[in-house]
Every structure is written in structure tokens, then in C-alpha cells.
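Just follow the structure's listing: the first ligand is 1, and inside any ligand the first atom is 1. As a basis for the values below, the full set of heavy atoms in this structure was taken, side chains included, without hydrogen atoms, waters or symmetry mates.
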Amino acid sequence: MLPKEMIRRVFCIGRNYRLHAQELNNALPEKPVVFLKPKESVFFEGTDIIHPGCGRDLQHESEWVVRIGKEGVFKQGESAGDWIDSMTLGLDLTLRDLQEALKKKGLPWEKAKSFDRSAPLGDFVPFNPELSLNGITFTCHVNDRLRQTGNTGAMIFPIETCLAEISRYWRLLPGDIVFTGTPEGVGSLSPGDRITIASASIGVFTWNIV
Ligand code: ZN
């Protein structure tokens with residue numbers, strides 16, 4: 001398992017799948033939407049997901065997550081495979097009721113997206129250059145029922161466009177990770193639920209919600 005100390009900044013891409021943007025009644029973005037979570041929000045398997053008291057509707061967003069292996073500015077036209085050293089799946093946990101309230105007021109999303117334990121991550125696996133970054137599939141089950149199916153080929157902005165957009169504002173550093181957006185099918189989690197995210201090319205990761 002990659003130690004948490006090897007994670008630097010946690011970048012997240014929002015609204016990167018058409019049907020997910022539509023299910024939340026969001027317009028399709030013209031550029032990648034970027035937000036951050038503090039690295040302290042990250043945890044791994046073996047630690048439960050806590051339903052926080054600061055919002056009512058805790059929702060799962062299952063996402064493909066990549067880790068950056070070198071420092072510099074990523075430019076459009078480069079290959080993301082030269083920059084990614086490992087990958088995993090993660091959950092961009094979101095307090096949807098709070099996010100809707102903040103969105104209506106035009107306020108930042110941090111309280112809804114970046115609270116403690118908002119970023120459970122699977123184990124990172126080394127980047128495999130044989131793997132097409134536009135063909136990684138993954139699923140999200142809650143209590144053994146399928147909630148989400150993703151394919152990175154369906155991302156509105158491929159990973160290269162996301163890295164180029166992040167690089168316009170932040171010089172990439174080794175250990176930065178990027179949540180790449182969630183497909184449709186996001187839904188609520190309650191104490192007692194069990195969530196599993198899985199990908200044939202990455203692994204299977206499970207958490208209990210308490
Ligand atoms: Zn997300």
C-alpha cells in the first residue's frame with residue numbers, strides 16, 4: 001500500500017461525465033472544473049466511512065484516480081502516461097444537500113466536498129504502459145447492488161486535458177493525485193451500508209459506512 005505521506009495535493013475534476021452532469025442538472029463545462037481536497041481527507045481500506053453530522057445526504061462518487069510521478073508543467077500534446085506513476089480508484093464523497101445549498105448561493109464547495117474523511121482511496125497500482133488510459137472500466141456497488149459503471153473513455157475531458165488545465169494554475173509535483181470525475185448513478189449512503197469499487201485493471205476496494 002502506498003503510504004499516505006506519498007500523497008501531496010488532491011485535485012478533483014468535477015462534471016467530467018455527460019450523464020452525471022445531467023443527473024445533477026448541471027450545464028456541460030467548457031473546461032475541466034477543478035477543486036481540491038486537503039490531503040488529510042484521504043484514507044484507505046480498513047478505516048470506515050463516517051456519515052458526518054455536518055450534512056444529511058452523503059453521496060458516493062466513484063472515480064478513477066491517478067498519481068503524478070514528476071514535477072513540471074504538463075502541456076497539451078504530451079502523453080499522460082509519461083507523468084502518471086500509479087493509479088487507483090477512489091470515492092469523492094459529497095454532502096449533496098450542502099453542495100446544492102452552496103451552489104445556489106454561488107459559494108465554494110469545500111464544506112460539501114472536502115470535509116474530514118471525504119476521500120477514501122484504494123491501493124495504488126503501478127502505471128502499466130500497456131493499458132489504454134481511455135479504456136479503464138470500473139464499477140461501484142452498494143450492498144451488492146450495482147450503482148455506477150464507468151469507462152474513462154466516456155470522460156468529457158480526457159486525462160491529458162485535465163492535467164493541462166491543472167498545470168495552468170499549479171505546477172505538478174510528485175505525489176499529486178487527481179480524481180478524474182464520476183459517471184452517472186451517484187447516490188446516498190447510510191450507516192450500515194457497504195460500498196465496493198472495483199476495476200479489473202486496478203483492484204477491488206470495500207468500506208463500511210458507520
Ligand atoms: Zn467527483
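For the residue pair R147 / H141, no side-chain donor-acceptor distance below 3.5 Å is found, with atom types taken as modelled. In this model, a donor atom of one side chain and an acceptor atom of the other lie less than 3.5 Å apart for T182 and Q148.
Taking the N/O/S atoms of E61 in turn, the shortest distance to the Zn ion (ligand 1) belongs to OE1. Distances from the Zn ion (ligand 1) to each N, O or S atom of E63 single out OE2 as the nearest. Of all the N, O or S atoms in D92, the one closest to the Zn ion (ligand 1) is OD2.
L89 pairs in a side chain to side chain contact (heavy atoms under 4.5 Å, CB included) with only one of the listed residues (I197, D123, V125, V204), which is I197.
Side-chain contact between C140 and H60 is present, with at least one heavy-atom pair separated by less than 4.5 Å.
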